[in-house]
Every structure is written in structure tokens, then in C-alpha cells.
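Heads up: the structure comes next, in C-alpha cells.
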Amino acid sequence: MNTPNTSDSNTPDGKVNLFQADMASRYRTDGIFQAITWTSIVIALLILAVLIIDVLMDGLPFINWNFLSNFPSRKPEQAGLLSALAGTIWVMVTVAVIAFPLGVGAGIFLEEFAEDNWFARAIEININNLAGVPSIIYGLLGLQVFVRLLGPNGWLFELTGIDITGGRSILTGALTLALLVLPIIIVSTRESLRAVPDSLRLAGFALGATRWQVVHNQILPIAIPGILTGTILALSRAIGETAPLITIGALTFISFLPENLQSPFTVLPIQIYNWVSRPQKDFHDLAAGGIIVLLVVLLVMNSTAVLLRNKLQKRF
Amino acid sequence: MNSDPTRLDSLWSPNRKASKRSESIVRFIFGAFALVSVATTIGIVGTLIFETFEFFQEVPFWNFLTDTQWTPLFKSAKFGIFVLISATMLTSTIAVTVALPLGLFAAICLSEYATPKTRQIIKPLLEVLAGIPSVVFGYFALLFVTPLLQNIVPGLQGFNALSAGLVLGVSITPLIASLSEDAIYAVPRSLRDGSYALGATKRETIISVVLPAALSGIVSSVILAVSRAIGETMIVTLAAGQNPTLGLNPFVPIMTMTAFIVQVSLGDTPAGSLAFKTIFAVGMTLFLITLVLNVFSFWFVRRFREKYD
Amino acid sequence: MMNESINTVTTPEPALRTENLNVYYGSSLAVRQVNLDIPQNKVVAFIGPSGCGKSTVLRCFNRMNDLIPGARVSGTISFRGENLYAKTVDPVELRRRIGMVFQKPNPFPKSIYENIAFGARINGYKGDMGELVETSLRRAAIWDEVKDKLRESGLALSGGQQQRLCIARAIAISPEIILMDEPCSALDPISTLKVEELIHELKQQYTIVIVTHNMQQASRVSDLTAFYNAEALEGGSKVGYLVEYDRTTSIFHNPAEKATQDYVSGRFG
């Protein structure tokens, strides 16, 4: 078939002669193209590997019990990330407590209760836009609203003498991060609810249940694995964030453990940032150690999310 | 007559009132939760406008746009925002130069060449890359990439836009790859078949038929990635430095908009001071740029998406 | 069982000939034992109920089935005496010579001009492109409707126009055979009529194999008709086979098989 031996017959205007497809060179280009696409993937994954190996080589020697149980210090050999680890856990739990009900509630409202009117659409567009706002802008919001307006010597304090947030506190950080990850939780809640087939809702309504009874008893139990997965991913985004917390003024040198929500705090990414930005090599290696701890925390959270998704998800 | 005991009316006393009440309470509370997102937007915009307005009471708008120096913390303060914008554009341009080919080719590979099995391995790995916190990328840029590049590029300084931009590019590659892959994957099979039936090879089909059909999704993914790069903070703060200079030299320290906000935030700046207002003015600029990009990306998809059913 | 009838209707060298053709998807047999000759410059219709394998056989003729993972054939298909599935045959090159029109119009998201020029360009067409575009569109009887908007998107056309654009696209690369997979099933009756008229025109120059669900269409456009049927296997899968292949008039008015009679008279399928 490689030779155009039929060009003399049944070719109404002899056009076959006009086609000179150079198959060899076309296939060569195909091969090069495919190789380029594979190379891109290999490059991306190679960089990931190099990054992780680099961090492990620098930081692994520093990972020991003292590193986890010491407070930060000006002496690298004594420095640890106890306060950062504690701060990260405090902030993460507080973010979860705030953002989970808010995000899931808003998601349920938008997906199950809201009619399809301009109001619901406006909220949806608004959420899409919020997801694209740089995280540092949330930091500015937190600085203004939670530190200044609702903190000590703030506007509310002057009016009523109540200090809600305590200034540059765990609560302020958690509120800021909660607002930051809220769009992620709302969107994943809506997607999980949407994945539940409508027939289940109709079956519930047909039995005379109200909408909330249907959602609460029939829909949520099915959607909850997806919602939890989305929430965990949102939380892992939150604990990796540095910029908004720096902006609200989270301190970098904390040598005590937080006592309550109004305590000053630091978190792992800020501690890492602090160590990286120092000139001494020893602190850089401590930073690598901190990165390992942070990545392990993230890895544990993400594996939990994946396990949850695979284990609990019912298929329809 | 009716002998079925379950049909006795006395056995059925649904508390319709209570369930109706809980229905409206739930509705009200969850509706209020949904409004939190609106309140967030209002809070962001309100905060930025308020402080930016205050800022322009002290700094003439014209100077903000035209000064060629950015020295807000000096005695003779200068507020030329383009110094910071040029730095942000420099790092973002380098980033997209890296991320666009890398992400797009990766998307093509995943969607068109990789077997389902390989895809199942590669996609989670790219998600890992996407989930690396930016402070970790910052560490990598400053302490691994820069020393490495200093062996190759003579005169490369310890802080520079090049390393920051390159690593920033790696960090947004998964975003382009994943969104572009969705767009490429969504191109209907019938279009590919049409191309193959004309005697096109796989590469010819991808380049001439599939990519044009997925163009709106690809462009929008790139715009979103640019927006992400512009708003990124830790990589550029750590690796590109904090030295506000106007110019596009990628080998010297610069200061992006986000890096400036971090610099001021790290110091103890009293509320109400000009420096405090300045970070909001910079934040406003940053917010507007990313907003325009996000809206444009959204509009682009709606305007140019080809409808296939 | 078909040898007699085929000898009466074919020219000495058929455009396509299948011998003991079996098509498999993975391990399951989709179509078994198809033997038929497709003569040059005739229109051959494939009819039959859903799942009878008529489209599957059609897609073997330009090796589109190669693109489906796990699809394979046994037996032989010869194209002008050469084995289509021989190792030396390049399916990409082959598809230039055996064109295809699909069930749903699938113009590329490009201009009308580019839709036509694409196939010619990749196949190394050395002639005048503008002329080729015009000739192809004229032959597909759509030139008058689009000549003023060649730069507009092919997707802006109506469904019927899109399908004729796809036919123009197929003939632009001068195929010897055109395969049509239910080309009118997504079209309205008037567009269908136009495509059918077009098939009549194209018959002068091309060999056409058309799969159709519409028996009136088969009787209107084709010279020969092949009737396929499917039978259930153990385990629920279905396998298609060729029941009868003859002149269209014979199939519709005097079929040899009872199943054909039942099908064309609308008693099943």
C-alpha cells in the first residue's frame, strides 16, 4: 500500500499524484513530539524528587526528639520547633472548628435550599472570585478586621470593652485561614451533594419528609466522605500557608506554648521562613528539618483524605 | 370496615409545625453561612478601599503611578508602584515561560499518550507537587536553585528574580497541567476520529484539531496560573530579595508587591502610619490585577468555548 | 451461500473484499465470518438492527478500529487485491485513500476553508489549495451556501451543512472509497434528502459504503445491500453476522432469507 500503484485508475482528476505525503518524516515528527511531552512530565517529577531529596539530605540529620521538643533558640544546636508544632495544631483545629460548619452549611444552602435566582448566582460568582484572591490579601483583611477592629484597643473594644480576638492571636490566624479555605470547603461540599442521585431526594419527599429531613437523613450520610475529603485538603492548604499569617503579625520567635485562643503563636511555615531567612547554614538545615516535619504532617493528612475517599465512598 | 391497624388516624401525629420550624431555622442559619463569603468579599474590598483612600490623602496618585523609586520607609519617601509591579511581572513572566510548555506538554501527555495505569501514577505525583507549601519552594529556590545557577550564570546574586521565577514556574505547572488536561480530555472523540479518518497522525490530530478545540480552557488555565504567580508570596520573598529596583534584570535582587507587604508586616508597624497604609495600597493594586485576570479568564472560557454535545 | 449472488453483481476486481472476517474487542467476538465484495463505483448499504456489527465492519475498512484499544481482526480484507491488514500497510496513509463520514457532523473548530484544507495539507497536497477547497465544496453541493463565508467557523453552519462540509472534507483528499457511518441519522429530513442527492452524484466517481438504520434510505441510494443481524451468545454478549448480500432491489423485494424478509418488512429490528 505504500506505492501509489492505483493512481492511474479511478482517480477522477488525477489528484492522487498531487498528494506526496512523506510518511517517514511525519512519523519522525510524531516521535519527537511524543518524546517532548514525556520529557515535560519527567522534568516536573524530577524537580519534585530533587526538592525532596535536597530537603531530606539537609534536614534529616536534625530530626530527633530534641528538635521536636525544644523551643526555638538563637543557638542552632538547641533550637526546636515545639512552639511551631503546637501552634500549627492549635490553628488547624480552630480552623476546622470554624470553617467546617460554615463551609458545609453554606454548601448545603447553595446546593439544596437556594433557588436558582440572581442571589444564588451572585454568591456563586463571589465564591469563584474569592478562590482566586491571593492569600496575602486575606492577611490584610485579617490584619484590619480581626487584629484592629475586633482586637484589643480596637473599635469594638472602645465601644464595649470586649476584646474578641486578642490581637495577633491563634484565633485571628485561624479566622483568617478559615476565610481563606472556605471556598474550597463550599465547593467540595456542593460537588459531593451533587453526586448524590436525585432519585434519593425524590424518594424522601415522596414519603412526606421536609427538605431538611431529606438532606439530613438521606443525602448527608452519603455525601459526607466527599465533604470530609475536601475539608482535609482545605486544612492541609491552610497549614502550609505562610503569607497571611505573617501579614497579621504572627510572631516568629515564640518560646512558650499557647494557652488559649488569644495567645500569640507561631506555626511551622513561619518558623521555617524564619530559619531560611537567616544567614547561617545551621539554621538553613534546621529549616530543612522543619520542612520534613511539615511535609510529613501534610502527607499524613492527604493520605487520610485519600483513604477516606476510597473506603467510605459508595458508588452509584 | 378498615381492619388494618396501621391506618388508624390516632397512630399518626406528625409534628408538622416542628419540622417546618426546624426547616426554616436551618434554612436561615445556612443562608447566613453562605453570606459569610459575601461578607468576606465586602471586608476585603472595604478594607483595601478604606486604607488605600487614606494612603492617597498623603501620597499623590500621580506620584504613585509615575515615580521611578520605591522607598516608603526612607525619610524622603518615594512611592513609585511600578518598581514593585515590574518586579512582579519579571518573576511571573519567567514563571509562565517555564510553566506554560511544561504544564501544557504534561497535560497533552497525560490526556493523549499515557496509558490509564501510568496516568494513575503520575496524576497523584503532580498533585503532590501542587500541594508543596510555597515556603518549601522558597527554601528550594534560595538554597538549592540559586547556588546551582551561580555555577552556570556568572554574576548571579544570592537573591535574584531568575531562581525565584523558575521555581515559581514549577509551582504553578501542576495548575496548568491539571486544568489544561481537563480541557483537552473534554474534546469529543468524534473530532479526533474525524481527523484520523483524513489520514492525520496522532501528533497532527493533537496539534491541529484537539488543541484548537481545547484552546479556551487552556488559555483560561494559563491566565489563572499567571494570576497565581502574581499573588505568590513566599518564593519571591525568600529568593528574589527585598530590594526595590526598577528594571528587568533577572540576575539581581528585586522586590515584588507581595515581598513588600511581608517586609512591612515583619516589622512592627503601628496602625495608622503611612507604612501601614502603604501595604494596603500595594494590596489593592495586587487585588485589582489578579481580579482583572480572574474575571478575564472566566469571560474567556464563556466567550470562546466551543459547544459540543 | 452468497457466492452466486456476488458473481452476478460484481466487476472482476472489487474495491474491497472481505474473507472470513472476524472482529474482536478484547476477548469477545463482535462480528463473525463476514464475506463480501464491494464493487467499484457502486453504493453499498449496510443495514441491520443495532449491535449487528455493521458499523464495526465499516470501521475495519479504513482501520479506524486500530484506534480502539483491544480491537483486532482475523481473516482478510483486501483493498484492490492488497491485504489491508498487511504489516506493510500504514493505516494513516490508508485513510487518505479510504475516506469516512461520521454519524454526527464533526467539523473541526476551524474556518470552513481550513476544515477542507487540513486533510490536504497534512497529506502533502501539492496543487492549488484554493482551487481544491472550491472543487471539494462544489462537489459536496455546499459551495453556494458557504462561498461568502469561507473564513467563518465550520461550527457556525447548520447540522445538514456541517455534514456536507464533512463530506467535502472527505473528498478533498481524493479518496477512492468513501465510508459513511449513518451520515443522516442526526439530520432533519430536508438535509437528509440533500445528502442523499449528493451520494447519487458522488457515485459517479467514488465507491461508497453506507451504514444506515433507515431502510428507505438504503433502498433509495444503494445499488447493493448487505443485511446484518445479531445473535445472542451465552453470557449475554451479542455477535453480529452477515445474513444476506445482494442487489438492493432483491433484498427489498425478493430476499432469500426469512430474517431479511422480516427485517425489511418491519417485523423486527
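Just so you know, these numbers use all the heavy atoms, side chains as well, and skip hydrogens, waters and symmetry mates.
- Within the 4.5 Å cutoff, the side chain of B:Lys123 has heavy atoms near those of the B:Leu110 side chain.
- Heavy-atom pairs under 4.5 Å with chain B were tallied for A:Ala44, A:Ala288, A:Gly290; the largest tally goes to A:Ala288.
- Counting heavy-atom pairs under 4.5 Å between each of B:Val38, B:Val26, B:Leu129 and chain A puts B:Val26 at the top.
- For chain A, the nearby parts of B:Ile44 are the backbone and the side chain; heavy atoms of each come within less than 4.5 Å.
- Looking at heavy atoms from C-beta onward, A:Tyr273 lies out of side-chain contact with A:Val267 at the 4.5 angstrom threshold.
- When each of B:Val262, B:Thr173, B:Thr237 is checked for heavy-atom pairs under 4.5 Å with chain A, B:Val262 comes out on top.
- The pair A:Glu241-A:Arg237 counts as a salt bridge, with a side-chain nitrogen and a carboxylate oxygen less than 4.0 angstrom apart.
- Comparing B:Glu127, B:Glu23, B:Lys202 by how many heavy-atom pairs each has under 4.5 Å with chain A, the most go to B:Glu23.
- Among the candidates B:Glu232, B:Glu204, B:Arg228, the residue making the largest number of heavy-atom pairs closer than 4.5 Å to chain A is B:Glu204.
- Listed options B:Phe287, B:Phe50, B:Phe137, B:Phe280 were ranked by heavy-atom pairs under 4.5 angstrom with chain A; first place goes to B:Phe280.
- A distance-only check finds a donor-acceptor pair linking the side chain of A:Thr39 to the backbone of A:Ala35 [under 3.5 Å].
- Heavy-atom distances place no part of B:Ala99 under 4.5 Å from chain A, backbone and side chain included.
- In terms of non-hydrogen atom pairs under 4.5 Å with chain A, the most contact-rich of B:Ile108, B:Leu143, B:Leu104, B:Val36 is B:Leu143.
- For B:Glu112, no part lies near chain A; criterion is any non-hydrogen pair under 4.5 Å.
- Counting heavy-atom pairs under 4.5 Å between each of A:Val306, A:Leu298, A:Val276, A:Leu51 and chain B puts A:Leu51 at the top.
- Contacts with chain B were tallied for A:Leu179, A:Asn302, A:Val215; A:Leu179 has the most, counting heavy-atom pairs under 4.5 Å.
- In this structure, the portions of B:Ser37 lying under 4.5 Å from any heavy atom of chain A include both its backbone and its side chain.
- Contacts of B:Val136 with chain A are made by both backbone and side-chain atoms, with heavy-atom separations under 4.5 Å.
- By the 4.0 Å N-to-carboxylate-O rule, A:Asp22 lies too far from A:Arg26 to be salt-bridged with it.
- Using a 4.5 Å cut-off between heavy atoms, B:Pro174 makes no contact with chain A at all.
- Closest approach of A:Thr189 and A:Gly107 over heavy atoms only: CG2-CA, 4.0 Å.
- Taking 4.0 Å as the cut-off between side-chain N and carboxylate O, A:Glu111 and A:Arg211 do not count as a salt-bridged pair.
- Formation of a donor-acceptor pair under 3.5 Å by the B:Thr88 side chain with backbone atoms of B:Met257 is found in this model.
- Between B:Gln263 and B:Phe260 there is a side-chain heavy-atom pair separated by less than 4.5 Å.
- A:Thr88 places a side-chain N or O within donor-acceptor distance of the main-chain N or O of A:Leu268, the cut-off being under 3.5 Å.
- Looking at A:Ser236, there are no atoms closer than 4.5 Å to chain B (heavy atoms on both sides), in backbone or side chain.
- Note on A:Leu182, A:Val55, A:Ile108: by heavy-atom pairs under 4.5 Å with chain B, the leading option is A:Ile108.
- Taking the ring axis of A:Phe283 as reference, the NZ or CZ atom of A:Arg278 stays within 45° of it and closer than 6.0 Å to the ring centre.
- Contacts of B:Ile230 with chain A are absent, with no heavy-atom separation under 4.5 Å from either backbone or side chain.
- Heavy-atom distances place no part of A:Ile270 under 4.5 Å from chain B, backbone and side chain included.
- The number of heavy atoms from other shown groups lying within 6.0 Å of CD (A:Gln280) is above 12.
- For a residue to count as touching a neighbouring chain, one of its non-hydrogen atoms must lie under 4.5 Å from one of that chain's; by this rule B:Thr290 touches chain A with the side chain only.
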